[in-house]
Peer 1: 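My structure is below; once you've seen it, I'll send some questions.
Convention: sequence-line order gives letters A, B, ...; per-chain numbering from 1.
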Protein chains: 2
Amino acid sequence: MFLKSSKHIPQLTVDCVIFGFHHKKLKLILSKLKLEKDIYALPGGFVLQEEDIEDAAKRVLFERTGIEDVYLEELGTFGRANRISDEDFQLFSHLAKELYPDVEPPINEKNQKMRLVSIAYYALVDFEKVIPKKIDLDESCDWYDSQDLPHMIFDHREMAEKGLEVLRDNLDKKLLFNNLLSETFTMRELQELYETVYDKPFPANNFQKKILDLNILERLDKKFTGAKSKAPYLYRLKSNLSNKG
Amino acid sequence: MFLKSSKHIPQLTVDCVIFGFHHKKLKLILSKLKLEKDIYALPGGFVLQEEDIEDAAKRVLFERTGIEDVYLEELGTFGRANRISDEDFQLFSHLAKELYPDVEPPINEKNQKMRLVSIAYYALVDFEKVIPKKIDLDESCDWYDSQDLPHMIFDHREMAEKGLEVLRDNLDKKLLFNNLLSETFTMRELQELYETVYDKPFPANNFQKKILDLNILERLDKKFTGAKSKAPYLYRLKSNLSNKG
DNA sequence: GCAAAAGTGTTACAGATACACCCATGC
DNA sequence: GCATGGGTGTATCTGTAACACTTTTGC
């Protein structure tokens, strides 16, 4: 989360729900803020005056993950007038003053807390390729289980939940799964991703048929892991079908 | 389209794609701006500092249609840095100066055109109940055919097209049809709405079965119009299922 | 050979589509 | 009666779900 300066649009921010898939769990990146209490935040920041809103989200994403060309899609606007509680505002402006004494705080002339509107995005990344990076306001920055979220500032929990909801709507419909897996993956890994996101079992035979009938995967060599069972095939999205957002 | 004052968030607006259905055409409300050239705009305005973004959209909607409790849903953010062309900005700021000489124009300290970000919404209303109302900046305000849109300012045409796209995604999935029809309607009227929105024929028998099997309509008396053919039944959404946004 | 997991095939069901038909209304 | 459009029923198709089975791997 960045603070604003004159180069930024004053009352507008972006926040990103960055999803990764690891060990049958859907994870997302959160910052632990430098505060007495344990309070977490989604990666976010202000938008530059000359910057497309989506580019601001991409900038935040790159700052926190070090990767580009990620699937990115808007979740919607979080624009309730009272989306920032008095308590959260106190905590946050205190933190802001300590770390950025020379930057205009998010307070108006009458010394009231200032209205902030946030555009939320969700991003899908390969968990293996990303080590979350903290910035100045963070005590730490790491992956957290999307099913077991800690206490989050502002309306960030609502954003995370909206992210999950939209991911459930789109994972299958828009065939986004490759963005959450390594470049090559087994059918079981893909199935487990579906089972995690949709929170229900998918019978292996029907699942395989459904996916292969889409004709978007190419079958590669088998993956020999040393397990005392049949070696599964590896698959990869056909090279002409990559779908970064 | 309103201009900003200190009571408003400086660089943020809302715009509304207000849909109605009439004579087998999907219509939307546009303002013809008071300009030399024929340029049209979606109803919109700035957001008050103490106002939820969605409430700002509802306010615009009420100003232009005189009705409340309408289905309203966000389309997304229109936030490209160059979404307002130099030409459109000249036209619009000229208009603004004439009509609101005492209101701060959307120009920054360096006299450059100011960045505006807009949150777009779409609304579904009963065409019969709405007479579009013009405001000061409008030469006129009326219904226009969504398939034959005139030249529109800024990126308003993109918004209208996005509205159509989202309506197509949601009309059937979220069963929104009652919001575009009168309280009571015939099966044929409903079918014609579907045929217009999805731009394809729906066989009457299968369509009726599909809709009635949803179990969300109650059948009322027949509608005798004097036509020399069988009188169709009237239907109404079951009273417990109203779905205003 | 055997246990574990991968992979294939075949049947059963449900929702959508297509075709054929009957009914009410005003002249 | 008859033309017009409304309304209903039944067969067909297609994609999904359910069940049964074979194959490969390491010990």
Peer 1: Looking just at side-chain N and O atoms, do B:E128 and B:S182 make a donor-acceptor pair shorter than 3.5 Å?
Peer 2: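 Per modelled atom types, B:E128 and B:S182 side chains form no pair under 3.5 Å.
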Peer 1: Is the distance from OP1 or OP2 of D:dG6 to the nearest side-chain N or O of B:R188 less than 4.0 Å?
Peer 2: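 So the side chain of B:R188 is within the cut-off, an N or O lying under 4.0 Å from OP1 or OP2 of D:dG6.
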Peer 1: Salt bridge or not between B:E158 and B:R83? Use side-chain N to carboxylate O under 4.0 Å.
Peer 2: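 Salt bridge absent between B:E158 and B:R83.
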Peer 1: Roughly, in whole Å, what's the span from CZ in A:F207 to C1' in C:dA6?
Peer 2: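 Rounding to the nearest Å, CZ of A:F207 and C1' of C:dA6 are 14 Å apart.
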Peer 1: When the nearest nucleotide of DNA chain D is assigned to A:K228 and to A:K200 on a heavy-atom basis, which residue is associated with the more 5' position?
Peer 2: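 Going by which nucleotide is closer to the 5' end, it is A:K200.
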Peer 1: Check the distance between D:dG15's P and A:L212's CG and give it to me in whole angstrom.
Peer 2: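 Taking CG of A:L212 and P of D:dG15, I get 16 Å after rounding.
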Peer 1: Kindly indicate whether a cation-pi arrangement holds for B:K25 with B:F21, taking the cut-offs as under 6.0 Å to the six-membered ring centre and within 45° of the axis.
Peer 2: no
Peer 1: Checking contacts here: which listed nucleotide (C:dG7, D:dT25, C:dG26) is nearest the side-chain heavy atoms of A:F224?
Peer 2: D:dT25
Peer 1: In whole angstrom, what separates B:I211's CD1 from C:dG15's C1'?
Peer 2: 14 Å
Peer 1: So which nucleotide from C:dG7, D:dG26, C:dT17 ends up closest to the side chain of A:K230?
Peer 2: C:dG7
Peer 1: Where each residue is assigned the nucleotide of DNA chain C containing its nearest heavy atom, which of B:K209 and A:R219 is assigned the position nearer the 5′ end?
Peer 2: A:R219
Peer 1: Grab the CG-C1' distance between A:D221 and D:dT24 for me, whole Å please.
Peer 2: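 Answer to the nearest Å: 16 Å.
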Peer 1: Output the rounded distance in Å from CG (B:N206) to P (D:dT10).
Peer 2: 14 Å
Peer 1: For the residue pair A:Y194 and A:Y198, does the interplanar ring angle fall in the parallel (under 30°), tilted (30 to 60°) or perpendicular (over 60°) class?
Peer 2: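 Answer is tilted, since the angle falls between 30° and 60°.
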Peer 1: Check the distance between C:dA6's P and A:Y235's OH and give it to me in whole angstrom.
Peer 2: 11 Å
Peer 1: Looking at every strand, decide which applies to A:A204 at a 4.0 Å heavy-atom threshold: base, sugar-phosphate, or nothing.
Peer 2: nothing
Peer 1: Using OP1 and OP2 only, check whether a side-chain N or O of A:K222 sits under 4.0 Å from D:dT25.
Peer 2: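 True: A:K222 side-chain N/O within range (under 4.0 Å) of D:dT25 OP1/OP2.
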Peer 1: Parallel, tilted or perpendicular, judged at 30° and 60°: which one describes the rings of B:F202 and B:F207?
Peer 2: perpendicular
Peer 1: Check the phosphate of C:dA6 against A:Q208, side-chain N and O only, distance under 4.0 Å to OP1 or OP2. Yes or no?
Peer 2: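 So the side chain of A:Q208 is outside the cut-off, no N or O lying under 4.0 Å from OP1 or OP2 of C:dA6.
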Peer 1: Taking only the side-chain heavy atoms of B:A231 (C-beta and beyond), determine which of C:dG7, C:dT17, C:dT25 contains the nearest atom.
Peer 2: C:dT25
Peer 1: Would you indicate what B:K210 reaches in the nucleic acid, counting non-hydrogen atoms under 4.0 angstrom: base, sugar-phosphate, or nothing?
Peer 2: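 Result for B:K210 = nothing.
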Peer 1: Atom CZ of B:F202 to atom P of C:dG15: distance rounded to whole Å?
Peer 2: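 Going from CZ in B:F202 over to P in C:dG15 covers 18 Å.
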Peer 1: Distance check needed: C:dT8 P versus A:D213 CG, whole Å only.
Peer 2: 12 Å
